[in-house]
Amino acid sequence: MDFDDTQEEADYRRRAREWLNANAPEPVAKAGLPALTAAKAWQAKKAAAGYACITWPKDWGGPGGTAIEQVIFSEEEAKFATPPNVCAIGLGMCLPTIMAFADEATKRRFAPPAMRGDDIWCQLFSEPSGGSDVAAARTRAVRVNDGSGDWIINGQKVWTTGAQLSDFGIVIVRTDPDVPKHKGLTMFWVDMKDPGIEVKPIHQMSGGSEFNEVFFTDVRVKDSQRLGAVGEGWKVSLVTLMNERLAVGGLRGPGWQQLLEAARRTPGLNGLPALRDQAIREKLADWYVLSAGLQHTRNRALTALSRGEAPGPENSIGKIISAMQMQELAHAAVEMFDQFGIVSDPALAELQGEFHSALLNSPGLRIAGGTDEILRNIIAERVLGLPGDVRVDKDVPFKHLPQGR
Ligand SMILES: Cc1cc2nc3c(=O)[nH]c(=O)nc-3n(C[C@H](O)[C@H](O)[C@H](O)COP(=O)(O)OP(=O)(O)OC[C@H]3O[C@@H](n4cnc5c(N)ncnc54)[C@H](O)[C@@H]3O)c2cc1C
């Protein structure tokens with residue numbers, strides 16, 4: 001493991017920092033812009049300067065940088081209160097899938113506007129019948145019998161982040177219920193404005209509505225919108241999911257350092273600072289140890305990236321630990337703030353608002369991009385080499401499964 005930047009990496013970090021100091025936008029609340037407008041403008045600015053999609057090859061309109069340069073830029077960017085990243089799903093998951101499976105014309109059509117933030121994409125995988133088990137998708141696509149080769153899609157997706165803002169999406173559908181579930185799937189890209197696609201935002205306990213139900217009623221798509229071969233949708237979805245696990249590895253939110261500072265200033269028992277409370281000191285010590293372990297694991301992954309090696313399933317560790325820690329930290333902070341813990345507006349009390357919103361968002365973070373249990377299965381099977389999960393439905397035709405009936 002190597003903790004230091006190489007000379008080249010240090011130069012890149014310095015240039016990125018200088019550019020960010022000169023160009024990073026004001027926080028959305030201060031800039032007075034709608035979040036979507038601010039997010040698109042920031043993406044366009046990064047794209048023009050070669051700081052968007054850093055690893056994309058020049059062929060796709062990217063700067064052709066390295067994975068470690070992307071990590072360095074993201075680390076530096078995280079120090080600024082930049083607008084919400086509405087392009088994360090498109091650029092992190094959908095476009096890599098398009099690039100791996102679409103024809104040349106489609107790639108050239110979609111890559112540049114997505115990189116500039118002109119087109120927003122969403123990922124239409126989860127359904128009411130299952131999210132962890134993506135292969136249990138029930139949304140059907142049937143070929144139209146008129147010689148056109150077109151398909152008609154019917155069904156429902158759920159938890160689709162950003163669908164209400166999206167121009168395009170990638171959707172996994174069942175094209176053959178007569179074969180086992182992993183074998184009868186096919187992936188398509190869809191235009192979210194097509195007739196028959198209805199998006200209904202879901203109201204969340206945090207007050208936001210970031211994700212949606214998406215209904216497909218007789219949506220007609222061209223065969224040229226297919227990504228990968230008919231029946232090979234599972235293989236295609238693995239490319240998306242692998243990129244998803246990479247994208248959600250590092251979560252942003254208040255950490256133990258902010259809690260330590262707050263505990264110094266917040267009155268606790270007997271009017272003494274909360275930091276004198278043994279229970280808080282014990283928790284802080286635990287979080288410090290966890291964070292240090294996480295940082296070392298991350299450094300190990302970064303060292304591998306820096307040497308040009310691919311990141312492995314160990315990344316799942318970072319996602320489990322950081323999501324769980326955010327939830328525990330936020331819970332402890334809100335309790336420590338006592339009656340002020342319920343203040344959710346960062347404009348009134350910045351720190352209280354941040355922890356409050358972390359508390360309400362953290363349960364979702366433990367589910368999105370693979371639940372704790374699913375990630376533990378991945379670590380057990382692929383990192384520790386333990387025997388695989390029991391899969392009783394592996395060779396059964398989908399139509400004979402409870403979800404397929
Ligand atoms: C913030 C957020 C954003 C999201 N964005 C999107 C999106 O943009 N697009 C999209 O398609 N989906 C999205 N999702 C959905 C997400 O992918 C699913 O919620 C997730 O995969 C879990 O699926 P589920 O909710 O159907 O739960 P289920 O899969 O039904 O799981 C229920 C419980 O059973 C456990 N479980 C399931 N299978 C196993 C197993 N084999 N072993 C042990 N335990 C198991 C799970 O861990 C969980 O506790 C999002 C979710 C969240 C919270």
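Every number for a ligand or one of its atoms is a count from 1 in the order of the listing.
Trp121 and Phe110 have their aromatic ring centers within a separation under 6.0 angstrom.
Every residue two or more places apart in sequence or in another chain that forms a side-chain contact (heavy atoms from CB on, under 4.5 Å) with Ala141 is listed here: Trp151, Ile153, Val173, Thr175, Phe188. Remark: Lys193 engages Asp167 in a salt bridge (charged side-chain N to carboxylate O under 4.0 Å, His left out) (not counting sequence neighbours). Residues forming a side-chain hydrogen bond (donor to acceptor under 3.5 Å, both in side chains) with Asp393 (at least two apart in sequence, or on another chain): Lys181.
By the neighbour-count criterion of 12 heavy atoms within 6.0 Å, atom NZ of Lys45 is densely surrounded, having more than that number from other residues, nucleotides or ligands.
The residues Arg13 and Asp5 are annotated as salt-bridged, a charged nitrogen and a carboxylate oxygen being separated by less than 4.0 angstrom.
A heavy-atom cutoff of 4.0 Å around ligand 1 is satisfied by the protein residues Ile89, Gln123, Phe125, Ser126, Gly130, Gly131, Ser132, Trp159, Thr160, Thr161, Phe211, Gly364, Ile367, Ala368, Thr371, Glu373, Ile374, Asn377, Asp389.
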